[in-house]
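Notes to accompany the following structure.
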Amino acid sequence: DHMTIIQALEARDTKRADYGLMAIHYIAIHDDLGAVNAKRIAEEFSIPQELMAKILQRMAKERLIVSQNGPKGGYVLSRRPAEITVGEVIRALEGPISIVSCLEDDDCPQMERCSLRLPVKKIQAAITQMLDSMSLAELTSQDVPELLTISK
């Protein structure tokens, strides 16, 4: 049976992306303290330390953050917050941004009759564009836009 777009978004396992965004945001706002370690972030958000370590390692592998060794070791941003986008972080942790699996999956029994493929592609493109235009710097600012307008 068909899932609604909202159900599809909610059904995804986004914990990794959520925790990754929380972690990189934390690193960004605490850059004055130098490197931030996995233990400190895990404790701050009550997230298992092993999971946080894996998430941070993955972001380091994708060169969003840089690992620093030593007694005051941990992670720092690889670039300025204005140069790292939310879309990059999500893709680093979850792969391509997709709101429904049927765009890649040919097993859907509704494939022949589905009229949502093109509209969903448009929604997905708009979401990706928005996430790729929003930087960590915007996440750390206090301003919340009243309404985001998406240009055609």
Original post:
Between Leu56 and Ile29, is there a shared hydrophobic cluster once you connect ILVMFWY residues whose side-chain heavy atoms come closer than 4.5 Å?
Top reply: no
Subject >> Thr85 side chain near Met134 side chain, heavy-atom distance below 4.5 Å >> reply: no
**OP:** Taking all heavy atoms of Pro96 and all of Arg91, pick out the closest pair and write down the distance.
**Re:** CA-CG, 4.2 Å
Original post:
Short question: side chain of Arg16, backbone of Leu93 - any donor-acceptor pair under 3.5 Å?
Top reply: yes
Original post:
Any idea which heavy atoms bring Ala82 and Ser135 closest together, and the distance?
Top reply: O-CB, 3.6 Å
Original post:
Do Val76 and Ile65 touch side chain to side chain, with heavy atoms closer than 4.5 Å?
Top reply: no
Original post:
What distance separates Thr128 OG1 from Lys121 NZ, expressed to the nearest 0.5 Å?
Top reply: 12.5 Å
Original post:
Checking side-chain contact (heavy atoms from CB on, under 4.5 Å) against Ile24, which of Ile55, Val36, Leu64 comes through?
Top reply: Leu64
Subject >> Rounded distance [0.5 Å steps], NZ in Lys15 versus CD1 in Ile47 >> reply: 9.0 Å
Original post:
Could you give all pairs that pass the side-chain hydrogen bond (donor to acceptor under 3.5 Å, both in side chains) test and reach residues 41-64, with sequence neighbours left out?
Top reply: Lys39-Glu43
Subject >> Val66 vs Ser78 side-chain heavy atoms within contact, under 4.5 Å >> reply: yes
Subject >> Heavy-atom pair with the smallest gap, counting every atom of Tyr19 and Met52 >> reply: O-CE, 4.0 Å
Original post:
Which heavy atom in Glu138 sits nearest to a heavy atom in Ser133, and how many Å separate them?
Top reply: OE2-O, 3.1 Å
Original post:
Is the side chain of Arg79 donor-acceptor paired with the backbone N or O of Glu83 at a distance under 3.5 Å, no angle test?
Top reply: yes
Subject >> Pairs involving residues 20-38, ordered by first then second residue, that meet side-chain hydrogen bond (donor to acceptor under 3.5 Å, both in side chains) (sequence neighbours left out) >> reply: Tyr26-Arg40
Original post:
About how many Å separate CG of Leu77 and CD1 of Ile27, when rounded to the nearest 0.5 Å?
Top reply: 6.5 Å
